[in-house]
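Quick caveat, the model's predicted, so the values are computed rather than measured. Counting starts at 1 for both ligands and their atoms, in listed order.
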Amino acid sequence: MPADSRSPAPSHPPRAQTRHPVDRETLPSEALLSVSGLRVRFGGVDVVRGVSFDVRTGEVLALTGESGAGKSLTARALLGMLPREATADGTVLLHGTPVTPADRGRRIAIVPQDALSALSPVHPVGDQIALALRSVQGLTRKDARSRAQQALAEVGITAAASRAHPHELSGGMRQRAVIALATVNTPDLLIADEPTTSLDPTTQDAVLTLLRERCTATGASLLLVTHALDTARSHADHVAVMYAGTIAEYGPTDHVLNRPLSPYTTALLASLPTADTPPRTRLPTLPGKPPTPGETTAGCAFAPRCPRATDLCRTQHPEPRALDQRIVTCHHAALEPR
Ligand code: SF4
């Protein structure tokens, strides 16, 4: 623990590294992160199979789908955090240039699922943030401590709580501390992998709202990995729905989640209750299971579960194609006459 961690903060805290807040109504159109043909392979088996998407400057992109769809592996590949036995290829550009190891942790930061594993158990949270500031921005000990306290105040953690160790904080407070840690050095991109799974539903939404607000305030983009479509609907500008290591549908949230074109997106949405669903209604569930990694199919991987599957689906892989401002990977996706 740094010796001076409990000294009072100066009355005039140093200025944080700042970037202009994002006006969400007028997001710039250029891609901050551009992912093209990303594959992740375990022992010759492709688990992520040619995924492509962009994250624009200042936007929230949700990567969603069932468990095992390849969402977290995609995120881990971007962070350079794949298991040792995995290999990845494809193109990942940040501001138009390939991502380097030095970008990870500085220009790309992570908000993990488990805050306890991200924080040191032996140091107060304020000290951990001060240390991150000193190592990235080279602040003095005094300035780093002051800025850390400011960063924690921005996520609703008091000066007293900043002196607590992680195990002394509630789950929601810990996740707030991790958000402060991830954003304090103003990265260009945050990758949050199921960041609220371990929290109760009321805290989940508050933490996600805070995460999005901190991104807006610092000008960072957010790649939000979530299995929950309602989370994507509430917090994302764009959504990419993954199935069996590929992207089934990708586009603006309103288009994808209110007017889905992929039968897979439609089936996922049908299994969610809406405000009009009467109590005790039995919701439809997706029949069958996603294919296991390495299980090969001649055609569309969703065909065994898809109510619209035809012989074409069972014999030919569909290619991603542009339709109604989105990308859809389906032979039979088409706009309904309005
Ligand atoms: S390609 Fe065929 S099986 Fe696959 S999602 Fe489209 S309709 Fe269903």
Item to check | For atom 6 (Fe) of ligand 1, every protein N/O/S atom that sits closer than 2.8 Å, waters excluded | outcome: Cys330 SG
Next on the checklist: Any carboxylate oxygen within less than 4.0 angstrom of a Lys/Arg side-chain nitrogen, looking at Asp311 and Arg314?
Outcome noted: yes
Next on the checklist: Side chains of His331 and Gln316 only: does a donor on one sit below 3.5 Å from an acceptor on the other?
Outcome noted: no
Checklist entry - How are the rings of Tyr264 and Tyr243 set to each other: parallel, tilted or perpendicular (split at 30° and 60°)? => result tilted
Item to check | Any residue meeting side-chain contact (heavy atoms from CB on, under 4.5 Å) with His95, in chain and number order, not counting sequence neighbours | outcome: Leu32, Arg107, Asp188
Item to check | Residue pairs fulfilling salt bridge (Lys or Arg N to Asp or Glu O under 4.0 Å) with at least one residue in residues 238-250, sequence neighbours excluded | outcome: Glu249-Arg326
Next on the checklist: Strictly by salt bridge (Lys or Arg N to Asp or Glu O under 4.0 Å), give each pair with a member in residues 88-100 just once, sequence neighbours left out.
Outcome noted: Arg41-Asp89
